[in-house]
Protein chains: 2
Amino acid sequence: MNITTKDLAKVVVFQNATEGDLKLILKNSIVRSIEEGEFFFFQGDFAQYLYILTSGQVKLMQSNPNGQQVNLRTIYPWQMFGALGAVRSEATYPATAQALENSTGLAIESSFLHKLLETHPQIAFDLMTLMTTYIQEMQARYRELATERVEQRVANALLRLAAQVGIRSEKEAIIELSFSRQDVAEMTGTTLFTVSRLLSDWERKGIIKTGRERIKIIRPHDLVRISDGMEK
Amino acid sequence: MNITTKDLAKVVVFQNATEGDLKLILKNSIVRSIEEGEFFFFQGDFAQYLYILTSGQVKLMQSNPNGQQVNLRTIYPWQMFGALGAVRSEATYPATAQALENSTGLAIESSFLHKLLETHPQIAFDLMTLMTTYIQEMQARYRELATERVEQRVANALLRLAAQVGIRSEKEAIIELSFSRQDVAEMTGTTLFTVSRLLSDWERKGIIKTGRERIKIIRPHDLVRISDGMEK
DNA sequence: ATTTTTATTTGCGCCAGCGCAAAGACAACC
DNA sequence: GGTTGTCTTTGCGCTGGCGCAAATAAAAAT
């Protein structure tokens with residue numbers, strides 16, 4: 001598949017770039033394909049490239065010295081990742097990017113984008129806007145982790161995922177998600193056992209239906225109640 | 001106290017601004033003094049101003065619907081806060097800013113800085129750099145909260161505080177901090193009881209000395225070991 | 001100096017959530 | 001279609017850390 005400037009305009013940060021800029025960006029980037037489970041980059045690597053995901057799905061995660069990891073964010077096509085290095089030169093990636101399925105990304109030299117930002121205030125501005133959402137989201141999740149119980153955090157994570165990537169069924173408010181218990185655990189700072197127990201419980205109550213790496217939300221409203229801590 | 005452009009140049013985001021820009025910024029800002037315990041702004045307020053702290057100390061925190069709160073960051077003189085609203089217009093503050101002591105801030109219209117950023121790539125760039133550090137720091141703290149035990153988080157918080165604002169004694173590696181147990185609890189996502197028990201324990205072991213709203217680090221190296229999870 | 005307010009400590013009980021282990025379910029592959 | 005690997009469930013025991021309450025200590029106010 002060939003990537004055109006039209007595709008590139010779908011990237012939020014490039015939405016206000018001119019056709020000429022987009023062409024220049026394309027010329028300064030290379031396509032990189034990665035198999036499921038492989039990595040675009042590791043936490044601590046020198047941040048030579050930033051990426052635009054063109055197909056597939058990528059997990060951004062951070063590990064502590066013992067190897068325990070948390071999921072920071074999942075990347076979908078036409079989203080940018082690994083961009084922090086473009087701002088601070090000589091930077092290293094603060095997270096690891098692993099492909100959840102066979103994925104293709106457009107790799108742009110960090111130093112190239114760095115230069116581009118200096119001369120294109122509008123692109124810099126759009127990148128800044130993106131950063132503010134990241135900051136706010138991380139702050140909110142931090143607070144959630146510090147103050148909310150596991151139930152609430154898991155319910156919240158499901159709702160957030162549903163809003164981002166859920167596939168809505170025509171009929172009612174049924175939303176389908178493809179995530180393992182382990183994934184959800186890493187997103188919410190708990191263990192797969194606890195997530196499994198919670199989901200089983202909710203399934204018994206008819207709030208969701210579950211399967212192997214599948215969660216179907218039947219009654220979102222009940223999840224909202226749980227996430228608000230109204231339950232119990 | 002009158003604020004000069006020379007003062008303003010101490011602000012990281014304005015370090016590369018020209019004298020003319022600084023004058024313009026000064027002209028578009030007003031001084032606002034706040035007593036200890038009072039608020040510069042509340043989470044959810046319309047983000048009309050962003051601030052430069054010129055004296056005192058300010059706590060940025062976030063509350064959940066039940067009123068439980070977490071400390072996101074402490075602001076010291078010549079640091080900027082409330083700036084996220086300058087990027088996205090029509091934004092509300094994502095956090096609450098409370099003065100820990102009598103404090104004075106320079107209030108700059110968000111819309112003014114917004115316009116300034118559009119025409120001054122260098123300032124935008126420096127603000128972006130600041131944002132990347134925030135993102136990285138929040139990600140690191142999020143991971144810490146998700147994967148580390150309370151001991152480690154508290155030890156880490158003390159070390160971080162010591163590096164930022166600790167007063168070093170001439171002699172050995174003694175570092176003094178002025179924080180209550182409650183403060184530390186809110187910084188680490190735990191309770192003041194747990195913090196108190198931990199600090200008492202460490203005092204018994206001679207790692208720190210404590211007092212009312214005072215913590216003196218005697219043997220930082222032992223704290224590092226605890227924060228790395230080597231203890232036990 | 002006395003009173004009031006605010007911060008801290010500590011004992012005690014408790015439970016949410018962890019961690020292991022073993023079994024079961026599902027998908028994929030040969 | 002049987003085998004293998006991965007994901008999930010569930011029982012069981014345990015404990016880190018929470019939360020209350022009451023005592024103590026330190027600072028601030030009068």
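Reminder, nothing fancy here: chain letters follow the sequence lines and each chain counts from 1.
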What integer distance in Å separates [X]:[atom1] from [N]:[atom2]?
X: A/Glu148; N: C/dA16; atom1: CD; atom2: P; result: 16 Å
X: A/Glu213; N: D/dT6; atom1: CD; atom2: P; result: 12 Å
X: B/Glu151; N: D/dG16; atom1: CD; atom2: P; result: 9 Å
X: A/Leu145; N: D/dG17; atom1: CG; atom2: P; result: 14 Å
X: B/Leu198; N: C/dT10; atom1: CG; atom2: P; result: 13 Å
X: B/Gln182; N: D/dG19; atom1: CD; atom2: C1'; result: 13 Å
X: A/Lys209; N: D/dT8; atom1: NZ; atom2: C1'; result: 17 Å
X: B/Leu192; N: C/dT8; atom1: CG; atom2: P; result: 8 Å

[N], OP1 or OP2 - any side-chain N/O from [X] closer than 4.0 Å?
X: A/Arg204; N: D/dT9; value: no
X: B/Thr191; N: D/dC18; value: yes
X: A/Thr194; N: C/dA16; value: no
X: B/Ser196; N: C/dT9; value: yes

Residue met sooner reading DNA chain C from 5', once A/Val195 and A/Arg214 are mapped to nucleotides
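Going by which nucleotide is closer to the 5' end, it is A/Val195.
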
Please tell me which of B/Phe179 and A/Gly189 maps to the more 5' nucleotide of DNA chain C, matching each residue to the nucleotide holding its nearest heavy atom.
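Counting from the 5' end, the first nearest nucleotide belongs to B/Phe179.
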
From the list [options], which nucleotide is the closest neighbour of the side chain of [X]?
X: B/Thr210; options: C/dT9, D/dG17, C/dG17; result: C/dT9
X: A/Phe193; options: C/dC18, D/dT9, D/dG16; result: D/dT9
X: B/Arg212; options: C/dT6, D/dT8, C/dT10; result: C/dT6
X: A/Ser200; options: D/dT10, C/dA16, D/dG16; result: D/dT10
X: B/Arg181; options: C/dT8, C/dG17, C/dT10; result: C/dT8
X: B/Arg197; options: C/dC12, D/dT9, D/dG17; result: C/dC12

Do A/Tyr49 and A/Phe41 have ring centroids that are under 6.0 Å from one another?
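When the ring centroids of A/Phe41 and A/Tyr49 are compared, they turn out to be at least 6.0 Å apart.
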
Within 45° cone and under 6.0 Å: B/Arg181 NZ/CZ vs B/Phe193 ring:
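Verdict for B/Phe193: no cation-pi partner in B/Arg181.
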
Answer yes or no for A/Arg141 and B/Tyr142: cation-pi contact, defined as NZ/CZ to six-membered ring centre under 6.0 Å and angle to ring axis within 45°.
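Verdict for B/Tyr142: a cation-pi partner in A/Arg141.
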
One thing to verify: whether A/Glu176 and A/Arg214 come together as a salt bridge, which I'm taking to mean a side-chain N less than 4.0 angstrom from a carboxylate O.
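Answer for the salt bridge query: yes.
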
Going by the angle between their ring planes, with limits at 30° and 60°, are A/Phe81 and A/Tyr51 parallel, tilted or perpendicular?
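It falls in the parallel class, under 30°.
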
